[in-house]
Amino acid sequence: MLLPKKVSRRVGNWCEETVLREEKLREFLAKIESGDASFKRRDRRLELANMPTPLSRTLLFNENILIQSLHTRGFVAVDVPTHFPALVHEDILPATATSDVDFQNTKARTIFRLIRKTDLGPGFDTRPRWGEKFYIAVYLPEVPHPLFLASDLRTPIVQNGIRRQRTYLTFTQDYNAVWQFEWLDKSLRMEMEGRVVQPFTPGLLMHSQTGNCLSTDTDAFVRNEFGVEWRLDCHSHRDNCTRLELEANYFAFCVADLPAELVQRGQIPIPK
């Protein structure tokens, strides 16, 4: 049986070590009951971050969507810190691309919303268009404010000897968090500008502040509590001859409804 009181000082008698072990066990049981144990906090973080979240059936502003990398087939996600969900305004969270390619089990950390940069008021078409500027936000459980996907030219990182822009999530909604979806072919980019973006259509997520595109690299992986994931950078991978962006920069907006005709033609990045 555990002793009812804590040991305030050591007296050097023969049962001192036994009493001290009982005191440590008492503190451990108290942490288990209150949920303050480290593995309990970890389980709570994973439970909140992986909370099932419904996916929208249509591609609209302020609706839940997935952002899939056509290079890794994974989805853009947020990597939560150890003190989640007690986040503060100064926190900067890493952005990753998951190794999971399942469209069915959508989680809170992979669900994003497109928020139009310029609010055009009620009654205006809420479908995103090519070349239109917007924010990319994620709403995590028990976090009162959204986090915005951002990049900053002043925070380069070194990966494989190349200096690249870091991509992260922040509470600050400024111009570093403004993006636009561009057509893949440069010769048709101006012609497609202003047209409605269809779900599962490959395109480039271009950072408006720096002109670089969101990218994934299978050589740059991170290990976190969710497993092995790919890190997101803001770097335009271009072909040396054509100067067109490569597959590492290809992304698509995914919704719940999968167009059957596109699936039959193989134009949707469905996991195999």
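Keep in mind that the numbers below use all heavy atoms, side chains included, and drop hydrogens, waters and symmetry copies.
Looking at every heavy atom in both residues, Val80 comes nearest to Leu140 through CG1-CD1, 4.3 Å. The minimum heavy-atom distance linking Gly131 with Gln180 is given by the pair O-NE2, 3.8 Å. Across all their heavy atoms, Pro202 and Phe200 have their closest contact at CD-O, 3.5 Å. For the pair Leu70 and Glu247, the tightest heavy-atom approach, listed with the atom from each and the gap, is O-OE2, 3.1 Å. Nearest heavy atoms, Ser151 versus Gln165: OG-NE2, 2.8 Å. When all heavy atoms are compared, the tightest approach of Leu244 to Leu184 is CD2-O, 4.5 Å.
Within the 4.5 Å cutoff, no side-chain heavy atoms of Phe84 are placed close to those of Arg44. Side chains of Leu147 and Thr170 form no contact here, defined as non-hydrogen atoms less than 4.5 Å apart. Within the 4.5 Å cutoff, no side-chain heavy atoms of Thr96 are placed close to those of Phe226. Side-chain contact between Val197 and Leu59 is present, with at least one heavy-atom pair separated by less than 4.5 Å. Side-chain contact between Cys254 and Ile67 is absent, with no heavy atoms from C-beta onward closer than 4.5 Å. Side-chain contact between Asp239 and Leu246 is present, with at least one heavy-atom pair separated by less than 4.5 Å. Considering only heavy atoms from C-beta on, Arg238 stays 4.5 Å or farther from Thr242 through its side chain. Residues Thr216 and His237 have side chains not in contact (no heavy-atom distance under 4.5 Å, counting atoms from C-beta outward).
Between the side chain of Ser215 and the main chain of Asn249, no donor-acceptor pair closer than 3.5 Å is present. The closest donor-acceptor contact from the side chain of Arg57 to the backbone of Ala256 lies at 3.5 Å or more, if one exists at all. In this structure, Thr172 contributes its side chain and Asp174 its backbone to no donor-acceptor pair below 3.5 Å. Judged purely by atom type and a 3.5 angstrom limit, Asn64 uses its side chain to pair as donor or acceptor with the backbone of Pro54. Counting only distance, with no hydrogens or angles, the side chain of Asp233 and the backbone of His235 share no donor-acceptor pair below 3.5 Å.
Enclosure of atom NE2 in His145 is not indicated, since only 12 or fewer non-hydrogen atoms of other residues, nucleotides or ligands lie within 6.0 angstrom. A 6.0 Å sphere centred on CZ of Arg243 holds more than 12 heavy atoms belonging to other residues, nucleotides or ligands.
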Subject >> Stepwise side chain to side chain contact (heavy atoms under 4.5 Å, CB included) check, Leu66 with Thr106 >> reply: CA-CA 8 Å; Leu66 291 170; Thr106 54; 3.9 Å; yes
**OP:** For side chain to side chain contact (heavy atoms under 4.5 Å, CB included), just list the numbers for Leu149 and Thr167, CA-CA rounded to whole Å, side-chain angles, deciding distance to a tenth of an Å, and then say yes or no.
**Re:** CA-CA 7 Å; Leu149 186 68; Thr167 304; 3.5 Å; yes
**OP:** Could you go through the salt bridge (Lys or Arg N to Asp or Glu O under 4.0 Å) check for Glu245 and Arg189 one step at a time?
**Re:** CA-CA 13 Å; Glu245 288 77 6; Arg189 196 165 293 173; 3.7 Å; yes
**OP:** Step by step, work out the side chain to side chain contact (heavy atoms under 4.5 Å, CB included) result for Ser69 and Tyr250.
**Re:** CA-CA 6 Å; Ser69 167; Tyr250 294 1; over 6 Å; no
Original post:
Passes side chain to side chain contact (heavy atoms under 4.5 Å, CB included), Thr201 versus Trp130? Steps please.
Top reply: CA-CA 11 Å; Thr201 304; Trp130 294 99; 3.7 Å; yes
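Between the CH2 atom in Trp183 and the CD atom in Glu191 there is a gap of 9.5 Å [rounded to 0.5 Å]. Once rounded to the nearest 0.5 Å, the distance linking NZ of Lys133 with OG of Ser208 reads 5.0 Å. Atom CZ of residue Arg116 and atom CG of residue Leu60 lie 10.0 Å apart, to the nearest 0.5 angstrom. Leu204 contributes atom CG, which lies 4.5 Å from atom SG of Cys213 (distance to the nearest 0.5 angstrom). Interatomic distance, CG of Leu214 versus SG of Cys234, reported as 6.5 Å (0.5 Å rounding). The CD1 atom of Ile136 sits 6.0 Å away from atom CG of Leu114, with the distance rounded to the nearest 0.5 Å.
Hydrophobic clustering of Ile, Leu, Val, Met, Phe, Trp and Tyr side chains at less than 4.5 Å, counting indirect connections, keeps Val138 apart from Tyr135. Under the 4.5 Å side-chain heavy-atom criterion for ILVMFWY residues, no single connected hydrophobic cluster contains both Phe148 and Leu232. One hydrophobic cluster holds both Phe134 and Leu169 under the rule that ILVMFWY side chains link at heavy-atom gaps under 4.5 Å. Under the 4.5 Å side-chain contact rule for hydrophobic residues, Leu205 and Met192 share a cluster. Each of Phe251 and Ile115 belongs to its own hydrophobic cluster when Ile, Leu, Val, Met, Phe, Trp and Tyr are linked at side-chain heavy-atom distances under 4.5 angstrom.
Judged by the 6.0 Å and 45° rule, Arg113 forms a cation-pi pair with Tyr139. For the pair Arg127 and Phe61, the cation-pi test (distance below 6.0 Å, angle within 45°) is failed.
Between the side chains of His83 and Asp91, at least one donor N or O lies within less than 3.5 Å of an accepting N or O. In the model, Lys117 has no side-chain atom that pairs as donor or acceptor with a side-chain atom of Tyr175 under 3.5 Å. With 3.5 Å as the limit, one finds a donor-acceptor pair spanning the side chains of Ser187 and Asp185. No side-chain N or O of Glu63 forms a donor-acceptor pair with one of Thr58 less than 3.5 Å apart.
Checked for salt-bridge contact, Arg45 and Asp43 miss the test: no charged N lies under 4.0 Å from a carboxylate O. Ion pairing between Arg42 and Glu47 fails under the 4.0 Å rule for side-chain N and carboxylate O.
Between Thr98 and the choices Gln68, Glu229, Lys107, the side-chain contact (heavy atoms from CB on, under 4.5 Å) rule is met once, by Glu229.
The aromatic ring centroids of Phe181 and Phe253 lie less than 6.0 Å from each other.
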